[in-house]
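The figures that follow rest on heavy atoms only: side chains count, while hydrogens, waters and symmetry mates do not. Computed from a prediction, not measured in an experiment: that's the story for all the values here. Each ligand, and each atom within it, is numbered from 1 in the order the structure gives.
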Amino acid sequence: MACSLWAPPLKLREMSDCENTHTNNNIITQEFIALEDFRATGKEQLSFSAGDRLLIHEQVCSDWWWAERSGCFGYVPSAFLQRGVEDVEDAWQDEEYFSSYGTLKLHLEMLSDRPRTETYRQVIVSNSAALRGKVVLDLGCGTGIISLFCGRLAQPAAVYAVEASPVAKHTEKLVKLNGCDGIVSVFHSRAEDLTLPSKVDVLVSEWMGNCLLFEFMVESVLRVRDHWLKDGGMMWPSSASLRLVPCQAHADYSQKMEFWENIYGLDFSCLQPVAQEEFFSKPKFSHHLDPDDCLSTACDVITLDMHTLSVSDLEKLRGEFGFIIERSGTLHGFTAWFSTFFRSLDEGGSSLELNTGPHAESTHWKQTLFMLDGPTGVEEGDCVRGAITLQRNPIWRRHMSIIIEWSIKRRNETTFTEMKSKRFPMWR
Ligand SMILES: NC(=[NH2+])NCCC[C@H]1O[C@@H](n2cnc3c(N)ncnc32)[C@H](O)[C@@H]1O
């Protein structure tokens, strides 16, 4: 590909076409990382992909910088870039992450989540015969609840309960208190750093985060699978699906946006753009979606096979959707949730499902709401199509952005509106 010369073309130095006329010809030569893809629209610009490392030679103005990538030079949009993290370890924020699991607060929340915990118990009970003599790895065992189910409700040969956070010291006591110390061994370590006594027949883990992937604990599960799961071994969950539905959110829109139109008879509506940015620029997790606010039937947009999924697949996952509006109303946005599936160890046995959707018993995840920049009236028979992309943050490895693209075709029209797009960081 033809590369531009080293020095930025003079014309941009005058920066007549930069938003901010302040130019600080600041020579820095610092490494930045691309958060998302950028396709050049002129020969003086430099294309790049999410995750690319760029050398920034000059912040010619606030919006456009002069950059180098693999010996090519060009202008790049500063908004697409984030400074590289000196310490790669920081990228996982492990210290903060594991200490958050070191107290009982999150474990109380998870153990209080009946559908979640009961599903894992049911998986052990319904596979208890097949688990006889098997070796089980419980990755991120927390208080050890799944390992204790194995030890008390089945007769495995051994259970390796692996937990990196300080809660592991309590797990040891719980295993003894419940008479499972002959079967369950607790390892206080990051699973990736461990040398286990043997390979395992079953790798069970409760790794799902908001919008299925947040925290990206799933990467640890895949890495450990590749090292320690026997050929033909079982992953629990065996698969996972992210679901999406176009929805109404009148309460959220009223409380966060319409609210400013009349404050004790005063007009505060000039704050609405600020409210839009503050309340609707990120996903709303733990959202309770009322089934009556679903404007269509939900669809699976992304499905993960936990036996074949690779760590590199996690960088970018994309799913397309097409909804027929089934009830006239207001399209405020989209809501997402997930289901995980647990295949039976018995050939032909039935799978079990943990469904975190609006039609199932509520879980601690609830659902995740993505509010678009303004409501749109929709009629029964209209069509909403587009795509959802989960783009992993190339720097902060437990974070991602969710990009939703959508366009609408009215039932009595033949063409779709121009595709719109909105990026929701979760949370960086
Ligand atoms: N469903 C979730 N979003 N979180 C629930 C399970 C997370 C539990 O796994 C532990 N954990 C997470 N990653 C790891 C790891 N790589 N190694 C060991 N324990 C881990 C973490 O400390 C916590 O106790």
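- Residues T368 and H287 fail the side-chain proximity criterion, which asks for heavy atoms closer than 4.5 Å.
- Side chain of D382 to main chain of V378: no donor-acceptor pair is present (N/O by atom type, distance under 3.5 Å, no hydrogens or angles).
- For the pair R318 and E320, the salt-bridge criterion is met [side-chain N within less than 4.0 Å of a carboxylate O].
- Applying the salt bridge (Lys or Arg N to Asp or Glu O under 4.0 Å) definition to pairs two or more places apart or across chains, those involving residues 371-380 are D373-K422.
- The aromatic rings of F338 and W365 sit perpendicular, their planes meeting at an angle over 60°, well past the 30° parallel limit.
- S147 and D138 are linked by a side-chain donor-acceptor pair at a separation below 3.5 angstrom, with hydrogens and angles left out of the test.
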What does the contact table look like for ligand 1 (nitrogen or oxygen on each side, cut-off under 3.5 Å)?
residue  : atom   : partner : partner atom : Å
ligand 1 : 1 (N)  : E206    : O            : 3.0
ligand 1 : 1 (N)  : E206    : OE1          : 2.5
ligand 1 : 1 (N)  : E206    : OE2          : 3.3
ligand 1 : 1 (N)  : M208    : N            : 3.4
ligand 1 : 1 (N)  : M208    : O            : 2.9
ligand 1 : 3 (N)  : M208    : O            : 3.1
ligand 1 : 3 (N)  : E215    : OE1          : 2.9
ligand 1 : 3 (N)  : E215    : OE2          : 3.2
ligand 1 : 4 (N)  : Y101    : OH           : 3.0
ligand 1 : 9 (O)  : G140    : O            : 3.4
ligand 1 : 16 (N) : E192    : OE1          : 2.9
ligand 1 : 16 (N) : S220    : OG           : 3.2
ligand 1 : 17 (N) : A191    : N            : 2.9
ligand 1 : 19 (N) : A164    : N            : 3.2
ligand 1 : 22 (O) : E163    : OE2          : 2.6
ligand 1 : 24 (O) : E163    : OE1          : 2.8
ligand 1 : 24 (O) : E163    : OE2          : 3.1

